[in-house]
Amino acid sequence: MRHVFVAGSINMDVVATAERHPKVGETVAGEAVLYFPGGKGANQAVASAKLGIPTTLIGRLGMDAFGKELRAFLAAQGVDLTSVKTTNGTHSGTAIITIANADNTIVVVPGANGLVDARDVKAPSLMKGDVAVSQFEIPLPAITAFFRRARAVGATTILNPAPAKQADKALLELVDILVLNETELGYLTGTELRDSDDPSRFAQAARTLGQGKIVCVTLGKRGVLALVENQPLLVPGREVKAIDTTGAGDCFVGALASQLAIGKPLGDALAYANAAASICVQRMGAAPSMPTADEVAAVLSTRRPGQGRDP
Ligand code: RIB
């Protein structure tokens, strides 16, 4: 079995639930304040580790109470933390999240995540066949250095360019598999896209990013559209009643990485990741909502209306 390495953010998610989101300039009464471990990097690493794959997280925490709590939580999920540094003089990453009607708004304050650098990603020993994963909540030069190392040893690189920002060509050229939602796709391609658009519009936009890489566009409950050598592959999603979608995209990425690390073909790995994400959205919180392999297997063994079982 190969190893998954995730270079990315670790946050404490401070969540306020409310009946509806406030408009700009408006105050609404909330219902509860909840604290959940999160951060795109940590969420993806937890997803992979809970599915039984050896997983190393590369990142930084502040020297504060949140940092201690996050480290203890991640260790308990089986994530290897030997490459997570505790950094003086800054706070742990913090996300302020509002949830209403299962939808969220998020403001992320990077703190220690903003100090991850190219030296941090040099320590862990990647090998051929491993999977290297990153997102855009740590500085882009660190991601470039990480993927350069991964490429040099023959590991597969997965980039989840979230939250969306412009990346230079040098970084994008180091990516084997790009996983993004319609907002990120629209941003990176300068196209106006809506989640209700026909998949052919996403395929058209994704083609402009293709150039030798696989592009996977996550479409929520509609599933995922993958472009492999420019050929579209639509893997349907699962209709479930979502209560909190925070971290669902991260669950998808971590689960996909875990399955590719054990050599599953892309189509099967995508169906597996869809099933994992469908479990995640039915629970509150980001990292604590990641499913186990038994839970995903149970979902995959259930027949969907009009369809057979998933692989
Ligand atoms: O993708 C969800 C994550 O985004 C949250 O856990 C929050 O920390 C932000 O990083």
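Given the structure is predicted, the values throughout are model-derived calculations rather than measurements. Counting convention: from 1, in listed order, for ligands and their atoms alike.
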Note: ligand 1 atoms sitting under 4.0 Å from heavy atoms of Gly38 are 6 (O), 8 (O)
Run the numbers on Thr82 and Asp80 for side chain to side chain donor-acceptor pair (under 3.5 Å), then give the verdict.
CA-CA 6 Å; Thr82 47; Asp80 167 31; 2.9 Å; yes
Distance from atom 4 (O) of ligand 1 to nearest protein heavy atom, with residue and atom
Lys40 NZ, 3.2 Å
Would you say the side-chain atoms of Ser200 and Asp198 include a donor-acceptor pair closer than 3.5 Å?
yes
Is there a chain of hydrophobic side chains (I, L, V, M, F, W, Y, each step under 4.5 Å between heavy atoms) that links Val116 to Leu126?
yes
Could you list the atoms of ligand 1 found under 4.0 angstrom from a heavy atom of Asp250?
1 (O), 2 (C), 3 (C)
Check ligand 1 against Asp13 and write out every atom of the ligand that is under 4.0 Å from a heavy-atom position of the residue.
5 (C), 6 (O), 7 (C), 8 (O)
Can you find a non-hydrogen atom of Gly247 under 4.0 Å from ligand 1?
yes
Applying side chain to side chain donor-acceptor pair (under 3.5 Å) to Asp244 and Thr246, what does each step give before you reach the verdict?
CA-CA 6 Å; Asp244 177 12; Thr246 315; 2.6 Å; yes
Asn11 heavy atoms, cut-off 4.0 Å: which ligand 1 atoms fall inside?
7 (C), 8 (O), 9 (C), 10 (O)
Any nitrogen or oxygen of Gly39, side chain or backbone, less than 3.5 Å from one on ligand 1?
yes
According to a 4.5 Å side-chain heavy-atom criterion applied to Ile, Leu, Val, Met, Phe, Trp and Tyr, with indirect links allowed, do Leu188 and Leu219 form part of one hydrophobic cluster?
yes
Would you say the side chains of Ser92 and Asp64 form a donor-acceptor pair under 3.5 Å?
yes
Consider ligand 1: state whether an atom of it lies below 4.0 angstrom from any non-hydrogen atom of Gly249.
no
Counterpart residues, salt bridge (Lys or Arg N to Asp or Glu O under 4.0 Å), relative to Arg119 (two or more places apart):
Asp117
Could you list all the side chain to side chain donor-acceptor pair (under 3.5 Å) pairs where at least one residue sits in residues 22-35, not counting sequence neighbours?
Arg20-Glu26
Taking only heavy atoms of Glu137 into account, list the atoms of ligand 1 that are under 4.0 Å away from them.
4 (O), 9 (C), 10 (O)
Looking only at distances, can you tell me whether any N or O atom of Asn43, backbone or side chain, sits closer than 3.5 Å to an N or O atom of ligand 1?
yes
For Ala286, counting its heavy atoms only, list the atoms of ligand 1 lying under 4.0 Å from any of them.
6 (O)
Counting from 1, what ligand 1 atoms have a heavy atom of Ala95 closer than 4.0 Å?
7 (C), 8 (O)
